[in-house]
Amino acid sequence: MKDNFDPGVTWADLDFVRAHWKGPIVIKGILDADDARRAAEAGVDGIIVSNHGGRQLDGVPSVARALPAIADAVGDRLTVLADGGVRSGLDVVRMLALGARGVLLGRAWAFALTADGERGVRHVLDLIEAEMRVAMALTGVTGVDRIGPETLAA
């Protein structure tokens with residue numbers, strides 16, 4: 001693992017990236033509200049709240065635990081995405097209710113692709129959509145844009 005990470009990377013390196021890349025910049029692996037604020041101050045377009053599946057450092061907080069404080073810390077200054085622990089449409093609704101503007105899927109589509117190719121991916125996405133619709137109906141939410149913290153208490 002030590003060959004995969006450069007311990008010398010700092011927030012100042014974003015200036016170099018920005019000088020050489022004019023497109024959107026999104027940083028993955030944010031688990032701390034202070035880091036989220038620093039990312040916003042650095043002018044990134046988005047962050048991905050992720051613990052990389054817990055594979056990188058044992059004992060890190062779950063995405064669901066870290067997400068509310070991070071979303072509160074940055075407000076609308078950048079796009080907050082969530083990645084990790086999402087296995088169903090209900091999990092997608094939970095992440096949106098905790099403050100994510102979008103939710104990334106990893107294993108769900110990868111397993112589906114392996115099992116049945118494009119048809120498998122379509123099937124798993126249809127399942128997630130159906131599960132989201134059920135969760136929203138049961139919590140009285142009529143649109144994805146209306147999912148918020150109160151949805152979890154329903």
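Legend: residues meeting salt bridge (Lys or Arg N to Asp or Glu O under 4.0 Å) with R37, ordered by chain and number and at least two apart, are D34. Taking R38 as the reference, nothing meets the salt bridge (Lys or Arg N to Asp or Glu O under 4.0 Å) condition, with sequence neighbours excluded.
T139 contributes atom OG1, which lies 9.0 Å from atom CD of E150 (distance to the nearest 0.5 angstrom). One finds the CD1 atom of I30 at 12.5 Å from the CG atom of N51 (value rounded to the nearest 0.5 Å). To the nearest 0.5 angstrom, M136 atom CE is 11.0 Å from L138 atom CG. One finds the CG atom of L105 at 7.0 Å from the CG atom of L125 (value rounded to the nearest 0.5 Å).
A heavy-atom distance below 4.5 Å is found between the side chains of K28 and D83. Residues L90 and E131 fail the side-chain proximity criterion, which asks for heavy atoms closer than 4.5 Å. A heavy-atom distance below 4.5 Å is found between the side chains of I27 and W11. Between V80 and L67, some side-chain heavy-atom pair lies under the 4.5 Å cut-off. Side chains of L104 and V86 form no contact here, defined as non-hydrogen atoms less than 4.5 Å apart. Looking at heavy atoms from C-beta onward, M132 lies in side-chain contact with V144 at the 4.5 angstrom threshold.
Hydrophobic cluster membership differs between I70 and V26, with clusters built from Ile, Leu, Val, Met, Phe, Trp and Tyr side chains linked at under 4.5 angstrom. Under a hydrophobic-cluster definition in which Ile, Leu, Val, Met, Phe, Trp and Tyr are linked whenever side-chain heavy atoms come within less than 4.5 Å, directly or via other members, L96 and V141 are assigned to the same cluster. W109 and V93 end up in the same hydrophobic cluster when Ile, Leu, Val, Met, Phe, Trp and Tyr side chains are linked at under 4.5 Å. Residues L98 and I48 fall into different hydrophobic clusters, defined by Ile, Leu, Val, Met, Phe, Trp and Tyr side chains chained together at heavy-atom separations under 4.5 Å. No chain of hydrophobic side-chain contacts below 4.5 Å, direct or via other Ile, Leu, Val, Met, Phe, Trp or Tyr residues, connects F111 to I128.
In plain terms, the two heavy atoms of A97 and I147 that are nearest each other are N-CG2, 3.5 Å. In terms of heavy atoms, D91 sits closest to G85 at OD2-O, 3.4 Å. Nearest heavy atoms, V49 versus A66: CG1-CB, 4.3 Å.
Residue-environment remark: CZ (R77) exceeds the threshold of 12 foreign heavy atoms within 6.0 Å. Within a 6.0 Å sphere centred on CZ of R87, heavy atoms belonging to other residues, nucleotides or ligands number more than 12.
Salt bridge R18/D45: present, at least one basic N to carboxylate O contact under 4.0 Å.
Remark: the backbone N or O of L78 is paired with a side-chain donor or acceptor of R101 at under 3.5 angstrom. Side-chain atoms of W21 come within 3.5 Å of backbone N or O of P24 as a donor-acceptor pair.
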